[in-house]
Q: 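Structure below; questions to follow.
Please read these numbers as outputs of a predicted model, since none were measured by experiment. Remember, it's 1-based here, ligands and their atoms both numbered in the order they're listed.
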Amino acid sequence: MHLLEKYKQFLPINDNTPIFSLGEGNTPLVKSNNIYKEIGCKELYFKLEGCNPSGSFKDRGMVMAVSKAIEKGSKKIICASTGNTSASAAAFGAYCGLETIVLIPEGKIAIGKLSQAVAYGAKIVSINGNFDQALNLVKEISEQQKDIELVNSINPNRIHGQKTGAFEIVDELGYAPDEVFIPVGNAGNITAYWDGFKIYNDLNTSNLPKMIGFQAKNSAPIVNKKIIENPETVATAIRIGNPASWEFAEKALHESSGKIDAIDDDSIVEGYKIIASMEGIFAEPASCITVAGLYHLKKLGYDFSGKTIVCILTGNGLKDPDFANNYLNFQIHKMNPEFEELKNFLLS
Ligand code: F0G
């Protein structure tokens, strides 16, 4: 069943809200086969949001935001993006016949994401600045031009859609995990997940998890309690210095008795390699900050025993082939198409 259909009762859907789908949601919750032993928790799961149609969790929120935009009569949508929001907006824009405009920070978006926006036919504006500056610009233009709908996560419909990720986890496990590990950039997703868990909790269908957020060390405004003017990290998706949903993220952390921590780039790279090589899951660097976070907390002596943990792997590893090229050690044996040569190589 379509995401909007399935969770209709929890979403801002009325008789005039168009229901459609590109196949978003219903993503796999994969049980760890190896990492959980190293971490020493009871159970560890990975929510593969990279399996969404445009390859990231943004599709859950975008389907709702675009549906509400159409309900309002908008013909144009706009967003600022570190890559995934632009890919998702452009995909739904194409599907629904809307003009999509995306503002991206020059040179700081993964090639897979940029290719998607180009292929889906978005109007792309690259700014000589960062995501936070791009977001300010699209906010201003959408406030002035009422016919252009802003589809960043400050649009509450995005958050409504994204809370379905929490519903799916509880629907599948039968309960909420003890802890949810989640990357934090503009802080919309941590806000959305917490909303989702609270809704189920209010209905007595679920307990509440602790929200454990992670920011990249040099892009960690919430951890450091100050705006970062020039955020930097190899995880370009979360290269954000002034998150729009900062306050809501603080609230989620506080209400859930959770915590937020910063992870350095080397550890993010390590997490990226570990999740792929130990679990067969290729996730993009920003997502792998959660895996790095597991090891980071383990090193600090955090007690994982008896706990069930879910890591939200927000985007697909295929989005950022340059990262793979730069950080993986490609050891590929080259040879002629000769049987003896192959045998010698394999048996040596
Ligand atoms: N993971 C990935 C893969 C992302 O693309 C983002 C955000 C996040 C995590 C953080 O989520 O912003 O809700 O805290 N990407 C945005 C974009 C900013 O433009 O695609 P958040």
Side-chain angles (χ1 to χ4, degrees), residues 27 47-52 54-62 65 78-91 102-105 108-110 112-114 116-117 122 124 127 130-135 138 150-155 158-159 161-163 165 180-195 211 213-216 219-223 231 233-250 252-253 260 263 268 271-272 282-293 311-320 323:
T27 56
K47 182 75 170 153
L48 302 198
E49 289 293 278
C51 294
N52 276 297
S54 82
S56 85
F57 71 100
K58 305 285 178 178
D59 294 336
R60 294 180 182 278
M62 202 56 72
I78 194 166
C79 65
S81 182
T82 57
N84 281 323
T85 303
S86 60
S88 183
V102 306
L103 264 73
I104 54 169
K108 297 291 181 183
I109 128 166
K113 302 172 188 180
L114 183 58
Q116 287 180 286
I124 302 168
I127 68 154
N130 60 33
F131 169 84
D132 304 289
Q133 292 163 313
L135 185 61
V138 295
L150 182 66
V151 293
N152 278 104
S153 59
I154 46 176
N155 178 334
R158 278 278 312 278
I159 304 294
Q162 283 170 215
K163 69 194 181 195
V180 174
F181 279 42
I182 189 164
V184 177
N186 212 24
N189 213 29
I190 190 170
T191 304
Y193 267 84
W194 181 238
D195 274 4
M211 301 302 295
F214 294 96
Q215 296 191 300
S219 301
I222 303 180
V223 176
T233 169
V234 292
T236 51
I238 50 171
R239 186 174 167 269
I240 294 176
N242 188 12
S245 298
W246 190 327
E247 259 175 62
F248 297 117
E250 296 263 17
L253 293 166
I260 186 154
I263 301 290
I268 295 175
Y272 173 81
F282 196 31
E284 70 167 281
S287 309
C288 300
I289 200 169
T290 57
V291 179
C311 290
I312 312 298
L313 299 183
T314 45
N316 200 305
L318 295 170
K319 287 199 172 244
D320 201 345
F323 190 90

Q: Could you tell me the residue and atom name of the protein heavy atom closest to atom 8 (C) of ligand 1, and the distance to it rounded to 0.1 Å?
A: Ile238 CG2, 3.6 Å
Q: Could you identify the single nearest non-hydrogen protein atom to atom 16 (C) of ligand 1 and state the distance to 0.1 Å?
A: Lys58 NZ, 2.8 Å
Q: Considering non-hydrogen atoms of the protein only, which is the closest contact for atom 1 (N) of ligand 1, and what is the distance?
A: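 Sorting protein heavy atoms by distance from atom 1 (N) of ligand 1 puts Thr314 OG1, 2.6 Å first.
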Q: Which heavy atom of Gln215 sits nearest a heavy atom of Gly185, and at what distance?
A: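 Shortest heavy-atom separation between Gln215 and Gly185 comes out as NE2-O, 4.4 Å.
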Q: Do Val184 and ligand 1 have an N or O pair less than 3.5 Å apart?
A: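 Looking only at distances, the answer is no, because the N/O contact criterion of under 3.5 Å is not met.
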Q: Please list the nearest protein heavy atom to atom 20 (O) of ligand 1 with its residue and the distance rounded to 0.1 Å.
A: Thr85 N, 2.8 Å
Q: Is the backbone of Ile159 close enough, under 3.5 Å, to the side chain of Gln162 for a donor and an acceptor to pair up by distance?
A: no
Q: Any side-chain heavy-atom pair from Ile260 and Val223 closer than 4.5 angstrom?
A: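 They are in contact (side-chain heavy atoms under 4.5 Å apart), so the answer is yes.
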Q: Measuring from the heavy atoms of Ala187, does anything fall under 4.0 Å of ligand 1?
A: yes
Q: Report the part of Ile240 (side chain from C-beta onward, or backbone N, CA, C, O) that has a heavy atom under 4.0 Å from ligand 1; answer both or neither where that applies.
A: side chain
Q: Does the Thr191 side chain pair with the main chain of Ala187, one donor and one acceptor, at a distance under 3.5 Å?
A: yes
Q: Does any N or O in the side chain of Asp132 come within less than 3.5 Å of the main-chain N or O of Asn242, such that one atom is a donor and the other an acceptor?
A: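 Between the backbone of Asn242 and the side chain of Asp132 there is a qualifying donor-acceptor contact (under 3.5 Å).
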Q: I need the atoms of ligand 1 closer than 4.0 Å to a non-hydrogen atom of Ser81, numbered in the order shown.
A: 17 (C), 19 (O), 20 (O)
Q: Please list the nearest protein heavy atom to atom 12 (O) of ligand 1 with its residue and the distance rounded to 0.1 Å.
A: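 Sorting protein heavy atoms by distance from atom 12 (O) of ligand 1 puts Asn186 N, 2.7 Å first.
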Q: Heavy atoms only: give me the nearest Arg158-Val151 pair and the separation to one decimal.
A: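 Arg158 and Val151 have their closest heavy atoms at NH1-O, 2.8 Å.
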Q: Starting from atom 11 (O) of ligand 1, find the nearest protein heavy-atom neighbour and note its residue, name and distance.
A: Phe57 CZ, 3.4 Å
Q: Using 0.5 Å steps for rounding, measure from the NZ atom of Lys58 to the OG1 atom of Thr85.
A: 3.5 Å
Q: Whether the side chain of Ser287 engages the backbone of Gly315 through a donor-acceptor N/O pair (distance < 3.5 Å, no angle test) should be reported.
A: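 Yes; judged by distance alone, with no hydrogens or angles, the pair exists.
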Q: Identify the two heavy atoms, one from Ile289 and one from Ala216, that lie closest to each other, and give their separation to 0.1 Å.
A: CD1-N, 3.6 Å
Q: Where is the tightest heavy-atom contact between Lys113 and Thr82, given as atom of each residue plus distance?
A: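 Distance-wise, the nearest heavy atoms are CD-O, 4.1 Å.
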Q: Give the atoms of ligand 1, by number and element, whose distance to some non-hydrogen atom of Thr82 is under 4.0 Å.
A: 15 (N), 16 (C), 17 (C), 18 (C), 19 (O), 20 (O)
Q: Among all protein heavy atoms in this structure, tell me which lies nearest to atom 13 (O) of ligand 1, with the distance rounded to 0.1 Å.
A: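 Going atom by atom, the protein heavy atom closest to atom 13 (O) of ligand 1 ends up being Asn189 N, 2.8 Å.
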Q: Is any N or O atom of Glu284, backbone or side chain, closer than 3.5 Å to an N or O atom of ligand 1?
A: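 Such a contact does not occur with ligand 1.
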Q: Which is it for Ile190 and ligand 1 at heavy atoms under 4.0 Å: side chain, backbone, both or neither?
A: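 Neither part.
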Q: Would you mind listing which atoms of ligand 1 come within a distance below 4.0 Å of any non-hydrogen atom of Gly188?
A: 13 (O), 14 (O), 21 (P)
Q: Among all the protein's non-hydrogen atoms, which is closest to atom 5 (O) of ligand 1, and how far away is it?
A: Asn84 ND2, 2.8 Å
Q: Below 3.5 Å, N or O to N or O, backbone or side chain included: is there any such pair between Gln162 and ligand 1?
A: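 So ligand 1 has no N or O lying under 3.5 Å from an N or O of Gln162.
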Q: What do you reckon, does Phe131 have a nitrogen or oxygen under 3.5 Å from a nitrogen or oxygen of ligand 1?
A: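 There is no such contact.
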Q: Check Gly293 against Ile263 and note the closest heavy-atom contact, atom names and distance.
A: CA-CD1, 3.9 Å
